[in-house]
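First comes the structure, then the notes that go with it.
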Protein chains: 2
Amino acid sequence: MVNVEQVLKDHQIRPTAIRLLMYRFLTESEVALTLNDIESGFDQSERTTLYRTIKTFEKKGLVHQIDDGTGVAKYALDRPVAGKQAEQDLHLHFHCTSCNETLCLTDHKIPHISLPKGFVTEDMNLVIKGVCEKCSGQ
Amino acid sequence: MVNVEQVLKDHQIRPTAIRLLMYRFLTESEVALTLNDIESGFDQSERTTLYRTIKTFEKKGLVHQIDDGTGVAKYALDRPVAGKQAEQDLHLHFHCTSCNETLCLTDHKIPHISLPKGFVTEDMNLVIKGVCEKCSGQ
DNA sequence: AAATAAATGCAATTTAAGTGCATTATTGTC
DNA sequence: GACAATAATGCACTTAAATTGCATTTATTT
């Protein structure tokens with residue numbers, strides 16, 4: 001069991017009630033969540049507060065935003081890979097066109113790609129669209 | 001010089017004035033364009049018409065939409081690769097965080113990635129963020 | 001406990017995307 | 001070429017997500 005309060009503090013995030021709740025909520029989700037998803041997970045909550053909370057998490061490196069092509073931003077926890085750090089945001093994402101869910105394939109790294117002269121890579125974003133194992137029934 | 005009218009017809013698109021103009025406009029652009037970019041390129045034009053035109057082009061396989069993470073859709077012509085077809089939309093895109101431009105790196109294909117059992121790939125989308133050769137000055 | 005700084009709640013704005021419908025233009029048929 | 005049928009266009013409007021302003025509340029520092 002992780003000490004959520006400590007995790008937030010470690011990232012210079014003040015552990016307020018809502019932040020603790022949201023962090024736990026994100027922890028429990030297998031898939032990336034939209035702001036709407038998050039909003040639905042809370043009884044009484046201001047959309048704006050949730051928005052700013054997730055943005056704070058993002059800025060502080062707790063979550064990453066995923067653009068899966070649906071036009072709505074989704075967010076998922078940065079789940080540290082055992083032994084590694086920092087390059088963890090170079091994993092790829094899978095978007096299921098059937099159930100509309102998007103998930104991190106944390107141990108599928110994006111292969112290195114060499115670009116033409118002059119191009120400097122800062123970040124990479126790979127989204128694979130298709131049918132997930134739940135929906136393909138395989 | 002390509003016969004634009006014929007290109008449209010080949011894709012079952014009626015060659016109206018606006019469509020011919022927009023196709024030429026897209027041809028002349030090195031980078032992917034937002035709807036706003038396109039709108040700015042025309043003197044008198046209805047946003048809606050341009051919107052529906054680009055969507056028609058997309059449906060008929062003349063252009064592809066690019067989601068570069070800025071939250072605004074961009075569009076670029078499907079420029080057929082000599083000798084190949086169909087798999088041409090598996091090239092990758094580069095988004096420059098300096099000039100905000102996005103371009104197709106047509107001859108950089110997305111490498112094959114093997115997914116866990118049950119996952120079926122239908123489409124892939126790779127966007128590399130960084131600094132382009134114009135902005136890096138290299 | 002007071003002063004300071006940050007987080008929250010609510011209202012409102014911005015912006016892109018998309019729809020409905022009447023009008024206009026284009027195409028196919030006679 | 002005229003006419004009917006079909007599609008494209010223009011304009012107004014709606015939807016939905018993202019984002020900001022500001023007053024209020026809560027937490028932190030001294």
Side-chain angles (χ1 to χ4, degrees), chain A residues 4-26 32-60 62-76 95 100 102, chain B residues 4-26 32-60 62-76 95 100 102:
Chain A
V4 177
E5 193 162 335
Q6 195 53 50
V7 174
L8 295 189
K9 280 181 180 167
D10 289 349
H11 287 80
Q12 278 101 53
I13 300 170
R14 291 173 156 185
T16 66
I18 288 182
R19 287 168 174 181
L20 293 170
L21 285 172
M22 188 184 294
Y23 187 87
R24 286 213 188 80
F25 188 70
L26 292 169
L33 300 171
T34 66
L35 194 59
N36 276 337
D37 295 335
I38 295 170
E39 208 180 357
S40 311
F42 291 84
D43 285 340
Q44 89 294 30
S45 61
E46 267 322 294
R47 187 185 185 72
T48 314
T49 305
L50 298 177
Y51 172 76
R52 283 197 259 234
T53 301
I54 199 83
K55 284 297 173 190
T56 300
F57 282 8
E58 193 188 1
K59 251 177 274 170
K60 302 291 186 174
L62 266 187
V63 309
H64 58 284
Q65 180 176 332
I66 304 157
D67 221 326
D68 62 10
T70 56
V72 185
K74 292 182 181 175
Y75 303 90
H95 172 67
N100 197 35
T102 296
Chain B
V4 177
E5 194 163 336
Q6 196 53 50
V7 174
L8 294 189
K9 282 181 180 168
D10 289 349
H11 287 80
Q12 277 101 52
I13 300 170
R14 291 173 155 185
T16 65
I18 290 182
R19 287 168 175 181
L20 294 170
L21 285 171
M22 189 186 290
Y23 188 87
R24 286 212 189 81
F25 188 70
L26 292 170
L33 301 171
T34 66
L35 195 59
N36 275 338
D37 295 336
I38 296 171
E39 206 181 357
S40 312
F42 291 84
D43 286 339
Q44 89 293 27
S45 61
E46 269 319 296
R47 187 186 186 69
T48 314
T49 303
L50 298 177
Y51 171 76
R52 284 196 259 234
T53 301
I54 199 80
K55 285 296 173 190
T56 300
F57 283 8
E58 193 189 2
K59 253 177 274 171
K60 302 291 188 176
L62 265 186
V63 309
H64 58 283
Q65 181 177 332
I66 304 157
D67 220 326
D68 63 9
T70 57
V72 185
K74 294 183 179 174
Y75 302 89
H95 172 67
N100 197 35
T102 296

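So you know, we letter chains A, B, ... as the sequences are listed, proteins then strands, and number each from 1.
A:Asp37 has its CG atom 15 Å from the C1' atom of D:dA16, to the nearest Å. The nearest whole Å value for the distance from the CD atom in A:Gln65 to the P atom in D:dT19 is 8 Å. Summarising the geometry, the separation between CD on A:Gln12 and P on D:dT28 is reported as 15 Å, rounded to the nearest angstrom. Rounded to a whole Å, the CD atom of A:Glu39 is 15 Å from the P atom of D:dT19. If you take NZ of B:Lys55 and C1' of D:dT9, they are 18 Å apart, rounded to a whole angstrom. As rounded to whole Å, 14 Å separates atom C1' of C:dG20 from atom OH of B:Tyr51. Rounding to whole angstrom units, CG of residue B:Asp68 and C1' of C:dA16 are separated by 14 Å. Atom P of nucleotide C:dG20 and atom CZ of B:Arg47 are separated by 19 Å, given to the nearest angstrom.
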task: Determine, step by step, whether B:Leu33 and B:Phe25 satisfy the side-chain contact (heavy atoms from CB on, under 4.5 Å) criterion, reporting the C-alpha distance in whole Å, the side-chain angles of both residues, the deciding distance to 0.1 Å, and the verdict.
output: CA-CA 10 Å; B:Leu33 301 171; B:Phe25 188 70; 3.7 Å; yes
- prompt: After noting the C-alpha distance and the side-chain angles of B:Lys74 and B:Asp67, does the key distance pass the side-chain contact (heavy atoms from CB on, under 4.5 Å) rule?
  reply: CA-CA 7 Å; B:Lys74 294 183 179 174; B:Asp67 220 326; over 6 Å; no
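Listed by chain and residue number, A:Glu39 satisfy the salt bridge (charged side-chain N to carboxylate O under 4.0 Å, His left out) test with A:Arg47 (two or more places apart in sequence, or in another chain).
Side chain to side chain, A:Gln65 and A:Lys55 meet the donor-acceptor criterion of an N or O pair below 3.5 Å. Side-chain contact check for B:Thr34 and B:Asn36: no donor-acceptor pair (N or O, by modelled atom type) lies under 3.5 Å.
Taking the six-membered ring for Trp, A:Phe57 and A:Tyr75 have ring centres at least 6.0 Å apart.
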field: Base versus backbone protein contacts along nucleotides 4-15 of chain C [heavy-atom cut-off under 4.0 Å; B, S, -]
entry: --SSSBBB----
